[in-house]
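Read the structure below first, then the notes.
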Amino acid sequence: MKDLIYLDNAATTKVAPEVFDAMLPYFCEQYGNPSSAYSFSGEIAKKVTEARTFIAGTIGADEKEIFFTSGGSESDNWAIKGIADNLRDKGNHIITTKIEHHAVLHTCGFLEKHGFEVTYLDVDENGLVDPGQVEKAIKPSTILISVMFANNEIGTIQPIQKIGEICRSRNVLFHTDAVQAIGHIPVNVKDDNIDMLSASAHKFHGPKGVGFLYVKKGIRLTNLIEGGAQERGKRAGTENVPAIAAMAEALKEAAAAMKENTEHLKRMRKLLVDGLCQIPHCALNGDADVRLPGNVNFCFEGIEGESLLLLLDDKGVEASSGSACTSGSLDPSHVLLAIGRVHDVAHGSLRLSIGEEITEEDVNYIIQTVKDIVEYLRGFSPIWRDLMAGKKKFIL
Ligand SMILES: *Cc1c(COP(=O)(O)O)cnc(C)c1O
């Protein structure tokens, strides 16, 4: 039996051993509350500050601009609802895109029910947002623009710097969900003109349930949790010290290995894409180059993605059809629909989000296994039969 090949790193990643070790002292030894007055706690408060300063430095921010949260969803919710609430006298219009994570889309949907107007921008067939469209959508009532840094399903990396530049020149706040980008590709809030940024540790080998929100100095955001003075009084609650220490360690490891990991992942990605492209009637989803180093996403015509996943699982390959949040529902991915895939085709999707440990041997095994399963499934697919008989036209 082959070892499992884990290809779902966009859903979550394994906690790195160094990261696990970094959290341990804060459970049974240095367990004090960072807010307490005795020196034992002072040491721990210092650790939290160190982590905050380090994390800030990795994205070109100041320590006072980093707010610890429970992860990406909380950061997205807080950024968008916090601005909407704070600026509702100034305007009620928000601009975002059709391919955002549900943490952004559903937050915008919530605000629509409360009197806000939201523009959901289209993307092109490669999954890229056109900065010109962003600019055109701005109205006098626009208070916030939220565009994700990199997409969690198809991996496309958006022209964030350019969009940020437009937001600055038009005096509109700019938030980016950078959950898939942080720890994987370089991000600098100053160079990229970012006002607010969401990140989550479990997407870069940190633990689940911890993340941060960067908020540029001077931006007023409504408090998320009332209570104590933690997170500058804006998000009360005793700090999750082990998780915060682990997140800083994970980011340190990620930054140190980023160049090497990127080279390796890009090489493995190319082999995977070239190999899978040989399957008839398939298509790569998302721009071939402007994408995360570890993301591969395909549609195969005439099959159901869910059956493909189950059979891959049997063969020790752990993959996904798209977002972890949409699996279990029968709706095709909103991201694949946004890049113009029709329902039938969008149903036959496969996302392989590869990790640094992947080898060329794994890649060859994956390609062969996917090929075999696609052929097998097509063997008794009514859609495939109609396509082959000419009763239906091939799209891919
Ligand atoms: C995973 C993810 C989130 C949610 O992050 P959690 O920490 O799991 O809440 C938000 N946005 C994107 C793009 C993601 O990939």
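Atoms within a ligand are numbered from 1 in the order they appear, just like the ligands themselves. Residues: numbered from 1 along the sequence shown. Note that the structure is a prediction, hence the values are computed from the model and not measured.
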- Query: Is the number of heavy atoms from other residues, nucleotides or ligands within 6.0 Å of CZ (Phe394) greater than 12?
  - Reply: yes
- Task: Take atom NZ of Lys90 as the centre, draw a 6.0 Å sphere, and report whether it contains more than 12 heavy atoms from other residues, nucleotides or ligands.
- Result: yes
- Heavy atoms under 4.0 Å from ligand 1: which residues qualify? Gly71, Gly72, Ser73, Asp76, His101, Met148, Asn152, Asp177, Val179, Gln180, Ser200, His202, Lys203
Atom pairs and distances, side-chain donor-acceptor, residues 37-46, under 3.5 Å, sequence neighbours left out:
{"from": "Tyr38", "atom 1": "OH", "to": "Ser36", "atom 2": "OG", "distance (Å)": "3.2"}
{"from": "Ser41", "atom 1": "OG", "to": "Asn33", "atom 2": "O", "distance (Å)": "2.8"}

- Query: Should we count CZ of Phe54 as having more than 12 external heavy atoms under 6.0 Å?
  - Reply: yes
- Item | Within 6.0 angstrom of Lys252 NZ, more than 12 heavy atoms from elsewhere | no
- Using atom types as modelled and distance alone, determine if a side-chain donor or acceptor of Asn92 lies under 3.5 Å from a backbone N or O of Gly115. yes
